[in-house]
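Below is one structure, written out as C-alpha cells; comments come after it.
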Amino acid sequence: MTNFDYNDFGILYLRLLNFKNRIEQAERALLSKHGLTRNDTLVISALGVSDLTLSELGKLCCIDKSTITKVVKKLEDNNYIKKTSERMRGYSVMLTEKGKILNEKSMEAFMVLNYSASEFLTADEICSLNNLLDKILTVSEDKLLTEISNRISGQGGKL
C-alpha cells in the first residue's frame, strides 16, 4: 500500500467535482425538456412512494424548509400535487394524476442517465465505484470541516 498523498487526493477531489458537474449538466438538460428542476423531481419521486408532510419531504429529499415550501407551492399551483388530510405535524401532500405522469417522465429521464452510464461502465465497475465512495464518505463532515479549517489557517494535518 502506498502512502497517502494530499496532491493525489486533491486531484481525486477535482475529478469527482468534474464528474458530479457533468452528471448534473446532463440531468438538467434532460429535466428541462420536461420543465423540471432537480428539487421538483426529488419531491415528485418521494411522493411517488408515499404521501408525506412538508417536514418529511424536506428530510427525505435533503431540502431546507423554505425551499421545500416553495417547491411544493409551485407543484401545487401546477396541479402536480395536492394537499390531503391534516396530520399531527401538518398536512400531507400527494401526487395528482398529472403528478403521477410527471413522476413517470422524471423516471424516464433518470433511466436515460442510467442507460448512458451503463454504456461505459460495467455493473462490476459501478459496484466497485460505489464501494470506494462508501469508504470516502465514511469520513465525517465534522472531520472534513476541521481539516479544511486547519488548512486555511495553515496548520495542515491528516484526515
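Sequential numbering from 1 along the given sequence is applied to the chain's residues.
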message: Counting only heavy atoms not in Lys98 (residues, nucleotides, ligands), do more than 12 fall under 6.0 Å from its NZ?
response: yes
query: Just by modelled atom types, is the Asp51 backbone N or O under 3.5 Å from a matching donor or acceptor in the Ser92 side chain?
result: no
query: Is the side chain of Ser45 donor-acceptor paired with the backbone N or O of Leu42 at a distance under 3.5 Å, no angle test?
result: no
message: The criterion is side-chain hydrogen bond (donor to acceptor under 3.5 Å, both in side chains); which residues satisfy it with Ser128, sequence neighbours excluded?
response: none
task: Check side-chain hydrogen bond (donor to acceptor under 3.5 Å, both in side chains) between Ser66 and all other residues, then give those that pass, not counting sequence neighbours.
output: Asp64
message: If I take atom CD1 from residue Ile68 and atom CG from residue Leu60, how far apart are they, to the nearest 0.5 angstrom?
response: 9.0 Å
field: From CG (Leu16) to CG (Asn18), nearest 0.5 Å
entry: 9.5 Å
task: State which residues pass side chain to side chain contact (heavy atoms under 4.5 Å, CB included) with Asp124; sequence neighbours excluded, sorted by chain then number.
output: Thr122
Pairing residues for Ile126 by the side chain to side chain contact (heavy atoms under 4.5 Å, CB included) criterion, not counting sequence neighbours: Leu121, Asn130
field: Pair Val43-Leu47, side-chain contact (heavy atoms from CB on, under 4.5 Å): steps then yes or no
entry: CA-CA 6 Å; Val43 168; Leu47 291 174; 3.9 Å; yes
- prompt: Hey, any chance Met94 and Leu54 share a hydrophobic cluster, counting ILVMFWY side chains that come within less than 4.5 Å of each other, even indirectly?
  reply: no
Report, one line per pair, each donor and acceptor closer than 3.5 Å where one atom sits in a side chain of residues 75-82; sequence neighbours left out.
from: Asp77; atom 1: OD1; to: Lys73; atom 2: NZ; distance (Å): 3.1
from: Asp77; atom 1: OD2; to: Lys73; atom 2: NZ; distance (Å): 3.0
from: Asn78; atom 1: ND2; to: Lys74; atom 2: O; distance (Å): 2.9

task: Kindly write out the residues that satisfy salt bridge (charged side-chain N to carboxylate O under 4.0 Å, His left out) with Arg28, not counting sequence neighbours, or none if the list is empty.
output: none
